[in-house]
Amino acid sequence: MELRHLRYVVAVAEHRHFGRAARSLHISQPPLSQAVRQLEDELQVELFERTTRTVALTPAGEVFVGDARRTLAALDDTVERTRRIARGQVGVLRIALTGSATYGYLPRMAALVKTRMPGVGLQLQTDRLTPQQVQDLDAGRIDVGILRLPVRDDRLRTRLIAREPLVLALPSGHRLVGDPDVTVDDLVEESFVVLAPSSRSVVTDAVVRTCLDAGFYPTVEHEVTEMSTLLSLVAGGLGIALVPASTRASGLEGVTFADLPGTATVDLALAWRADQPNPLVEAFVQTLEEHDLLQADPSRKAPR
């Protein structure tokens, strides 16, 4: 039995006529009649009652055609889902994000995927620092990383999302809250909360660089491994922090943010394996690009 036999029988059942069924299948009638007869011989069952004027299903034919329709529908669905997967329209995308991206970038990205890639589910890992994400990308544990540059791994491709200045995060009752002239110099005597240097945080490097440019090394009171914890300690009055500007979107009660002139910047970027083509990742990147959630790709030449 071949798949075409199922389609032939269903066509004859729908048209109740071999000639019309053959035309709908774009074949001539003799091969159709012969194929149906061969199927009946194989099944040792009459599927149709034939007269010179009519073609009708036998009781066994009714059952066979019903099951054949379900089989063909299931197969068509499988084919379509397979094609959609190959086009990057269906599947689960595993994404890791650095802490501040969870506040500023994730809501826009998730909303875009929901509306433009409705067949794609997101499996998210948040508060993942860049070194962890690079390891997970290399090991195939995630498909995409949203991390801080630089990334030194030839297997990864990156696209810039945003270049952010550091801003000041203060406990809401701090003496500097509301001061329009606050500068980095005013932080010399302050206690800092930072992401642990042992985690090789790009943000911590930028914090130290900002303070050194102002002539002092920050006094670190607390080291943490997650941005959410860092902000919670600031809200509790345990220190101040310099954080990427997108962290403002956290909306955490007890934390007040302020702009500072002359702070270092940190780059937020998308990263994925360049040596392992993935239609889902390619469709995701294209969707972000089309809706201006990525910066222009410098590797592409502008049209003349």
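Annotation: the span from Leu294 atom CG to Leu160 atom CG amounts to 8.5 Å, rounded to 0.5 Å. Taken to the nearest 0.5 Å, the OG atom of Ser33 stands 4.5 Å off from the CD atom of Gln29. A distance of 10.5 Å separates CG of Leu47 from CD of Glu62, quoted to the nearest 0.5 Å. To the nearest 0.5 Å, the span separating OG1 on Thr126 from CG on Leu106 amounts to 8.5 Å. Atom CD in Glu226 sits 10.5 Å away from atom OG1 in Thr98 (nearest 0.5 Å). Taken to the nearest 0.5 Å, the CH2 atom of Trp272 stands 10.0 Å off from the CZ atom of Phe284.
Checking side-chain atoms of Thr102 against main-chain N and O of Gly99 turns up a donor-acceptor pair under 3.5 Å. For the pair Asp127 (side chain) and Met227 (backbone), a donor-acceptor distance under 3.5 Å is present. With His5 contributing its side chain and Glu2 its backbone, the two residues share a donor-acceptor pair below 3.5 Å. Of the possible donor and acceptor atoms, one in the side chain of Asp143 sits under 3.5 Å from a partner among the backbone N and O of Arg94. Formation of a donor-acceptor pair under 3.5 Å by the Thr265 side chain with backbone atoms of Pro165 is not found in this model. Using a distance-only test at 3.5 Å, with no hydrogens or angles considered, a donor-acceptor pair links the side chain of Thr210 to the main chain of Ala264. Remark: the backbone N or O of Gln133 is not paired with any side-chain donor or acceptor of Arg141 at under 3.5 angstrom. Checking side-chain atoms of Gln132 against main-chain N and O of Leu129 turns up a donor-acceptor pair under 3.5 Å. A donor-acceptor pair is defined here as one N or O able to donate and one able to accept, closer than 3.5 Å; no such pair exists between the side chain of Ser201 and the backbone of Pro197. Of the possible polar contacts, one joining the Arg159 side chain to the Gln295 backbone as a donor-acceptor pair under 3.5 Å is found.
The minimum heavy-atom distance linking Arg157 with Ala274 is given by the pair CB-CB, 3.9 Å. Minimum heavy-atom separation, Ile142 to Ala96: CD1-CB, 3.7 Å. Of all non-hydrogen atoms in Asp186 and Thr183, the two that sit nearest each other are OD2-N, 2.8 Å. A pairwise comparison of heavy atoms in Pro131 and Ser199 identifies CG-O, 3.4 Å as the closest pair. Residues Leu280 and Gly91 approach most closely at CD2-C, 4.0 Å, considering heavy atoms. In plain terms, the two heavy atoms of Leu238 and Val193 that are nearest each other are O-CG2, 4.1 Å.
A tilted orientation is assigned to the rings of Phe192 and Phe216, their planes being inclined by 30° to 60°.
A salt bridge links Glu46 to Arg37: one of the charged nitrogens lies within less than 4.0 Å of a carboxylate oxygen. Using a 4.0 Å cut-off between charged nitrogen and carboxylate oxygen, Arg148 and Asp267 do not count as a salt-bridge pair. Salt-bridge annotation for Arg50 and Glu40: present, with a side-chain N of the basic residue lying under 4.0 Å from a carboxylate O of the acidic one.
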Inset, instruction - Evaluate the side-chain contact (heavy atoms from CB on, under 4.5 Å) criterion for residues Leu270 and Thr158: first the C-alpha distance (whole Å), next the side-chain angles of each, then the deciding distance (0.1 Å), finally the verdict. - result: CA-CA 5 Å; Leu270 200 71; Thr158 62; over 6 Å; no

Inset, instruction - Carefully, step by step, assess Thr229 and Ser232 under the rule side chain to side chain donor-acceptor pair (under 3.5 Å). - result: CA-CA 5 Å; Thr229 305; Ser232 294; over 6 Å; no

Inset, instruction - Walk me through it: do Glu164 and Ser246 pass the test side chain to side chain donor-acceptor pair (under 3.5 Å)? - result: CA-CA 7 Å; Glu164 303 179 70; Ser246 57; 2.7 Å; yes

Inset, instruction - Before giving the answer on side-chain contact (heavy atoms from CB on, under 4.5 Å), spell out for Leu25 and Tyr8 the whole-Å C-alpha distance, their side-chain angles and the decisive distance to 0.1 Å. - result: CA-CA 8 Å; Leu25 294 166; Tyr8 289 175; 3.5 Å; yes

Inset, instruction - List the steps, then state whether side-chain contact (heavy atoms from CB on, under 4.5 Å) holds for Ile146 with Met109. - result: CA-CA 11 Å; Ile146 298 177; Met109 181 197 74; 3.6 Å; yes

Inset, instruction - Apply the test side-chain contact (heavy atoms from CB on, under 4.5 Å) to residues Phe64 and Val45: give CA-CA distance (whole Å), side-chain angles for both, the deciding distance (0.1 Å), then the verdict. - result: CA-CA 10 Å; Phe64 185 88; Val45 169; over 6 Å; no

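Val203 and Leu147 sit in two unconnected hydrophobic clusters of ILVMFWY residues. Membership requires side-chain heavy atoms under 4.5 Å apart, directly or through other members. By the rule that hydrophobic residues join a cluster once side-chain heavy atoms approach within less than 4.5 Å of another member, Val65 and Val12 end up as members of one cluster. Transitive grouping of hydrophobic side chains (ILVMFWY, heavy atoms separated by less than 4.5 Å) brings Val188 and Val184 into a common cluster. Neither Leu97 nor Leu230 shares a network with the other; the hydrophobic side chains, linked directly or stepwise wherever heavy atoms of I, L, V, M, F, W or Y lie under 4.5 Å apart, form separate groups for each. A chain of hydrophobic side-chain contacts below 4.5 Å, direct or via other Ile, Leu, Val, Met, Phe, Trp or Tyr residues, connects Leu293 to Val120.
Contact check for Leu187 versus Ile240: side-chain heavy atoms found under the 4.5 Å cut-off. Proximity of Leu195 to Thr225: side-chain heavy atoms (C-beta onward) are nowhere separated by under 4.5 Å. Val167 is not listed as a side-chain neighbour of Leu260, based on a closest heavy-atom distance of 4.5 Å or more. A 4.5 Å side-chain heavy-atom check between Leu93 and Val281 finds at least one atom pair inside the cut-off. At a threshold of 4.5 Å between non-hydrogen side-chain atoms, the residues Gln125 and Asp136 count as touching. Here the side chains of Phe48 and Leu57 are in contact, with some heavy-atom distance below 4.5 Å. Using a 4.5 Å cut-off on side-chain heavy atoms (C-beta onward), Thr130 and Leu149 make no contact. Side-chain contact between Gln38 and Gln34 is present, with at least one heavy-atom pair separated by less than 4.5 Å.
There is a side-chain donor-acceptor pair under 3.5 Å between Gln286 and Glu290. Under the 3.5 Å distance criterion, with hydrogens and angles disregarded, no donor-acceptor pair is assigned to the side chains of Ser250 and Thr247. Checked by atom type, the side-chain pair His174/Glu190 shows a donor-acceptor distance below 3.5 Å.
The neighbour count for Arg175 CZ, taken as heavy atoms of other residues, nucleotides or ligands under 6.0 Å away, is above 12. Other residues, nucleotides and ligands place more than 12 heavy atoms under 6.0 Å from the CG atom of Asp41.
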